[in-house]
Structure formats: structure tokens, C-alpha cells
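Residue numbers count from 1 along this sequence.
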Amino acid sequence: MTGSTYVGFVTSFIGSVFATRAMGPDDYGVYAYLVWMVTFVTGVVTGFLNITTVRFVAEALGADRLALVHSLVSWLKRIFWRMLAASLVVLALSSLVPGLYPAAVTSHLLPYLGFVALCVLLRATFSFQMGVAKGHSVFYPEAISSSLTGLLSAAAGAVLLGLGAGLPAFLTLFLLASAFLLVVSLRVMDRHALHHPAGEPMDDTERSRVGQVLKWNAVISLVGMLSTKSADTYLLGLYATTAYVGYYNIAWTITKAGLDLLSSGYSSMLLPMISRAGGEGDPSKVQRIFTMSFKFYQTVGIVVAAGAWIIVGPVVHLLYGERYAEVIPAVQVMTMTTGITLPGAAYSAAFIATDSQRARVAFIVTSALVSALSSVAFIPWLGYEGALYSVFVGGVLNFAITAVVAHRLLGFAYPWRSVLLQWLCAVLPLGLMSWVLPVGHSLPLAVVSCLVFGVVFLVLGLNLRAWGDDEIATLRQASPKLDRLIGRLMWRGR
């Protein structure tokens, strides 16, 4: 994870804490719902365009075809403006459909939709421009603008909290942050002279090739937008109060934060590792890397799940207050689901590295369908509780489907023995902690308990052979400090 990503994560998280405390569950739920709408519509407009822009602009620059770059950006920009216009028209027409939005949003529908439309215009333009910059391998405009906007937004959020401001003030802050984000990024891009005059029309061959990829990216991107969070957020708004949208959003943010901080660095290295092993023509090496990666992700998932189970209560009460106690079971369910399904990241890397694009697309489409069906099955029936069932059932089913597809198409065996041993090594100390810890335990006690769990889990995993001898040897070779630590914790083999 880059420095700017850390800054963005930290400032966004802190800003959300200020917003929740200032507004309270009901108003924060409306805020979370409207921000989700902005994110969703922006993703629909720019998701597939950005992927295509980055790839083909970089490819044309690599071939030293600057004229093609100008033509390509001009053509994609026209598509962008058409998509943006169509999305805003659909957004306007949606105001005429009764029952489409939650009651809390419908009561001020036109101002809220106006807010969403303005934010989509600003953020979609920013997103497309950053796609062009990345195609030129210029990444700092996004890093600088995002970091600066995040820092100023968090500071402004603290001021609004101190002033006792409510929902209108925080919506205004989000709108101003969207405008500031775009203005700063464009100023930074001007320094790099990233301007593209209207080029000659692309020839039919180039347009056909780019158009074909654009269609596939559109399918993958649009289907991906129908994720569990999107379906659950929308249905929660209809079948529960908007306060539950806020609870769900907070729980999702906490869960994702734990995963990103622990696994994102490894995720960026996994794809090239598997790709290189595949290029060497050694299937057994690919399988070994996959298996070790699978176990790593499983370990991270278990640590996040167990840590959240122990510490989430005191953390939620400290950061958000007693009014947000409903967040606690949602974080526990989401992190437990993550503990089971996080190794799916290893499967995703394997699909890409082995060029199994058809399997990858089938997996994405199937995942979206399972997620949507689980949301529709549980949320209208059980409301907020149904959303938690949807997260667990949809996540586990998607993971099971992925494992079966990977086994049949790629021959990757599921490491049953290691997975069961890892969960056994986790259940034993976690069960003991749950029995020993008093109800409503303090944050310091929870932190100590997490550290004790981590040590016991690691010791048991090393000595009950959840990790194989060759995998432990690889870990010991990675770092002298890690070698000494493992040597002290292992008793088998002495």
C-alpha cells in the first residue's frame, strides 16, 4: 500500500468517525446512502472506461504513436460524456418513480438528487482524468489531490463536529471536497502538460479492437458494481430505516480497513509471483506458490476475524458511542465471513496469471448473481439481520464456487488439511478468550487478549503442522529476524 493510500484510508476513516458522532444514526444513514449513490453512479460511468484508457494509452505510448493517443483519448472522452449525460438523465427520471428511494430520502428527494448529480459530475470527471494520467504512467496527480483533499476534509469534519453541525453541513463538505479534488488534480496535471488535442479519427481496425475490450470491461465492471454492498445498501434503505444503512456502512468500513492494512502489500506481489512461475513452465511451482498464498490469506482472515470478535465492542463504543452498538454484530459477521473467504484473492490472481479470462468473467458474473440473490432472499424478510445473513451466505457460496471452478479448470487442489488445522488453532484460544473475558470488557484488556490470541495461534499453527516444513523453511529464509522468531516458537523438530 502506497503512502498516499494510507493517508487516504486514515483521513477517510477519521472523517467518518467525526460525521457519525456529529449526525447520529438516522442522519448519518441518509448521508451514507447518498454517498453510496454517488460512488455507485460514478463507478457505472467510469469504471470500464478507466481500465480501457489506462491500457490503451500506455500501449500507444509504448509504441511511440502519439497521434493515436490523442485520437484514443478524444474518442473515449466522447463516450465518457455520453455515459455521464445518460446517467444524469436516468437519475433525474428516477425522481418520478414512487417507492424507489427510502422514505428519509424521498422527503427531500430533489435536493438530494441534485447533490448526487453534482458530486457524480465532479468525481466522474476526476476519475476519467486520472485514468488518462495513469495511462501516461503519471500517478502523482491522484496521490497529491486525494491526500490533500482527505486531510482538509478530516480537519473540516472536526470543526463541524465541534460546532454541532448536522447533515446539510456534511453534505456541503462532501460536495466541496469533490470540487476541490477535481480542481487540484487538474492543476497538477497542467504542470505535466497532459493535454490531448482532438486527433484524427481512429481507423476501423483500432476502433474495433479497443471497442471489443471496452465491451468486456463494461460487462466486468458493471457486474462488479452489483456487489453485496451495493445490493444490501439499496435494499436496506427500502426495507429498514436509513440508520441501518449507516450501521452497515460503518461495519463494512471497519472490516475493509483491517483487511487492507494487513494484506494489500502481499496482494500486489502475488500476481507477478504466480505469473513468473507460470512463465517458467513449472506447474508444480505455481501450485506451491498458490498453496502458500492461500494459507497466508487464510491466516490474515483468521487474525482479522478473531481480533474483531474480541476488540470490536470496545472500539465501536470508543469511536462511535453507545448509539452505534448495532454496528458490533455486523462487524463480527463480516469479519468471520472474511476469515473464511479471504483466500479467494489467491484464486483471483491465479485466474489472471494463467490467462483464464473466460473463467474469471464467469466467476465475476456468478458472484454478482449469488450476492444479489442472497440479498433479495434475506433483506426483505429480515431487514438488518437479513443483510448479515446475506453477507455470510453470499460470501461463503461465492468462495465455494470459486474453489470448485479453480479445481476443475486449473487443477488447483483445495488444502483441506491445512485450512482445518488453522481454524482449529484459532478456535481453541478464541473459545478460551470468549469464556474468560467479562462482558463489556475494556479496550486495554481487549488489546492484550488480541496479542495473546495472536501468539497462541501462531505457536499452535507452527507446531500442529498447519504449515508444512518446506513452507516454514521458505518463511525462515525470508528474514533473519523471522527465522529467529520461528525458531523460538517451534518445539517440533528440536
Side-chain angles (χ1 to χ4, degrees), residues 1 6 9-10 12-14 16-17 20 32 228-229 232 244 246-267 296-345 384-385 387-396 399 419 422-458 460-461:
M1 189 183 288
Y6 271 118
F9 156 71
V10 172
S12 176
F13 187 81
I14 293 174
S16 71
V17 172
T20 55
T228 299
K229 186 176 187 297
D232 286 358
Y244 288 105
Y247 300 146
Y248 186 94
N249 181 74
I250 294 170
W252 184 275
T253 301
I254 293 173
T255 303
K256 189 175 184 299
L259 297 180
D260 287 349
L261 288 174
L262 288 175
S263 67
S264 62
Y266 186 76
S267 299
F296 170 80
Y297 280 117
Q298 186 70 81
T299 300
V300 171
I302 289 173
V303 169
V304 170
W309 196 271
I310 295 170
I311 205 171
V312 66
V315 167
V316 167
H317 290 148
L318 173 67
L319 294 178
Y320 302 100
E322 298 292 337
R323 295 179 296 175
Y324 290 91
E326 293 277 7
V327 171
I328 296 172
V331 174
Q332 291 175 328
V333 170
M334 289 180 184
T335 51
M336 186 58 65
T337 305
T338 297
I340 298 171
T341 63
L342 188 59
Y384 184 55
E385 185 180 351
L388 306 188
Y389 279 113
S390 170
V391 168
F392 184 81
V393 173
V396 172
F399 180 65
V419 170
Q422 280 189 314
W423 277 104
L424 176 64
C425 295
V427 168
L428 292 176
L430 183 60
L432 180 62
M433 293 289 179
S434 300
W435 180 62
V436 171
L437 284 174
V439 176
H441 53 275
S442 64
L443 182 59
L445 183 58
V447 171
V448 172
S449 300
C450 286
L451 294 175
V452 172
F453 167 84
V455 173
V456 175
F457 172 62
L458 181 59
L460 292 177

Checking F457 now: which residues fulfil side chain to side chain contact (heavy atoms under 4.5 Å, CB included) with it, not counting sequence neighbours? T299, I302, V303, C425, A426, F453
Pairing residues for V312 by the side chain to side chain contact (heavy atoms under 4.5 Å, CB included) criterion, not counting sequence neighbours: V316, I328, V331, Q332
I254 side, atom CD1; N249 side, atom CG - distance, nearest 0.5 Å: 10.0 Å
Check G395 against T341 and note the closest heavy-atom contact, atom names and distance. O-CG2, 3.3 Å
Restricting to side chain to side chain contact (heavy atoms under 4.5 Å, CB included), what partner residues turn up for L458, sequence neighbours left out? L462, L489
dist S390:OG -> D232:CG (nearest 0.5 Å) comes out at 4.0 Å
Looking at CD of E326 and OH of Y248, how far apart are the two atoms once the value is rounded to the nearest 0.5 Å? 15.0 Å
F392 meets the ring-ring contact (aromatic ring centres under 6.0 Å, His included) criterion, sequence neighbours left out, with none
Which heavy atom of A305 sits nearest a heavy atom of G339, and at what distance? CB-CA, 4.4 Å
When you look at W309 and T335, which way does the side chain to side chain contact (heavy atoms under 4.5 Å, CB included) test go after all the steps? CA-CA 8 Å; W309 196 271; T335 51; 5.6 Å; no
T20: which residues meet the side chain to side chain contact (heavy atoms under 4.5 Å, CB included) condition with it, sequence neighbours left out? Y28, I250, Y320, Y324
State, to 0.1 Å, how close V456 and P429 come at their nearest heavy-atom pair, and which atoms those are. CG1-CB, 3.7 Å
Atom OG of S442 and atom CG of L318: how far apart are they, to the nearest 0.5 Å? 11.5 Å
Under 4.5 Å between any side-chain heavy atoms of W423 and I340, yes or no? yes
Which heavy-atom pair separates G301 from L342 by the least distance, and what is that distance? N-CD2, 3.6 Å
How close do P343 and Q298 get, counting heavy atoms only, and between which atoms? CG-OE1, 3.6 Å
Inter-residue atom distance L319.CG - F13.CZ, 0.5 Å rounding: 5.5 Å
May I ask you to test the L443-V447 pair for a side-chain heavy-atom distance under 4.5 Å? yes
